[in-house]
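The structure under discussion appears below in the form of structure tokens.
Just follow the structure's listing: the first ligand is 1, and inside any ligand the first atom is 1.
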Amino acid sequence: MHKIAVIPGDGTGPEVVQEGLKVLEAAAGRFGFEYQTTEYDFGGERYLRTGETLPDPALDELRGHDAIFLGAIGHPDVMPGILEQGILLKARFALDLYINLRPVKLYPGVETPLRDKGPDDIDFVVVRENTEGLYVGSGGFLKKGTPDEVAVQESINTRKGVERCIRYAFDHARERSKDNKLTLCGKTNVLNYSQDLWIRTFNETAADYPDIKTDYAHVDAICMWFVKNPEWFDVIVTDNIFGDIITDLGAMIQGGMGIAAGGNINPEGVSMFEPIGGSAPKYTGQNVINPLAAIAAVQMMLEFLGEAEAAAAVEAGIMHVTSEKLLSLAVGRMGHTTSEIGDMVAARVRES
Ligand code: IPM
Ligand code: MN
């Protein structure tokens, strides 16, 4: 019995989560696994009502689940940063979700802004460190508000944190078995402390993976190559902030936020899966937003729950819809409503 915590969140989050759960139910029926869901109302509405973001007792409850399915966080009436830090980042740190796994895969029928590139060219995974670097909130002000103000924001990198992330990436490259290649994305030409630790750890760890080819690219160059030669990449490992930035670029070349999903993973604990687009407040309640990213998050969740066959069927369902049913992934041009898309994927999974 898989215990799944569901946080629909804000804006269009609940609508896309509903479609994800529809597909999960179809997969459970078809592949015969059992699950139970517990819903939590964390998000902007609850914060405005109670001042709470993600209370500590809730963290313990979340730890008691096998996975967390998150819709979207972000509310127009809440100051930017409060919900992101109070819910998303708090969950990442408190549950030690030290990997942010972001597949970048162009499905058939999906339009990419890259002319001359197709599904054979765009299929890689970014392994982003998710609990260190610039995200730890270390730093401070001196003489704040004066002309002499100093602001320091420190990037914290620990040997343990860097190594567990790099090992995960090597294991992932091996498991994925595509090109058996891992690229470290960094900035060793400028950041001589943090990136020195990263590349030393990368090279030392590589000795344990003689079957995996290794490669290095500066983060600025990787932005160029994502656009010019995305086919060069298999698995990429990088720090928190570089990973944040390059995965938005990755999401765009795979067709946009309507399709991109990610996993916040603690390989030894509970992991959290989400569509990586925002809460899109202006489309709330209109049944027009694309739920495929949320459905792809369910696919990732099933993989992590050990339901490989069900995950593959969900992916096949997504591909069926992108290649044969949708005019476009863009809001207003899909040719179907949010719930119709969920229905189509669920039906395909049931028939698989
Ligand atoms: C992401 C988001 C978050 C991040 C924000 C909302 C704090 O952009 O998941 O990539 O920067 O990690
Ligand atoms: Mn981001």
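With respect to the Mn ion (ligand 2), Asp244 has OD1 as its nearest N, O or S atom.
Remark: side-chain polar atoms of Asn157 are not paired, donor with acceptor, to backbone N or O of Ser194 under 3.5 angstrom. Remark: the backbone N or O of Asn266 is paired with a side-chain donor or acceptor of Ser271 at under 3.5 angstrom. Within the 3.5 Å criterion, the main-chain N or O of Ile341 finds no donor-acceptor partner in the side chain of Glu19.
Remark: ligand 1 atoms within the under-4.0 Å shell around heavy atoms of Tyr135 are 4 (C), 11 (O), 12 (O). Atoms of ligand 1 lying under 4.0 Å from at least one heavy atom of Glu84, given by number and element, are 6 (C), 7 (C).
Ring centroids of Phe273 and Phe304 are separated by less than 6.0 Å, placing the two rings close together. Aromatic pair Tyr135/Phe93: centroids not less than 6.0 angstrom apart. For Phe42 and Tyr40, the gap between ring centers is short of 6.0 Å.
Looking at atom 2 (C) of ligand 1, its nearest protein heavy atom turns out to be Asp244 OD1, 4.1 Å.
For the pair Arg92 and ligand 1, a heavy-atom separation below 4.0 Å is found.
For ligand 1, none of its N or O atoms has an N or O atom of Asn100 under 3.5 Å away. At least one N or O atom of Arg102, backbone or side chain, sits closer than 3.5 Å to an N or O atom of ligand 1.
Backbone or side-chain N, O or S atoms of Asp248 do not reach the Mn ion (ligand 2) at under 2.8 Å.
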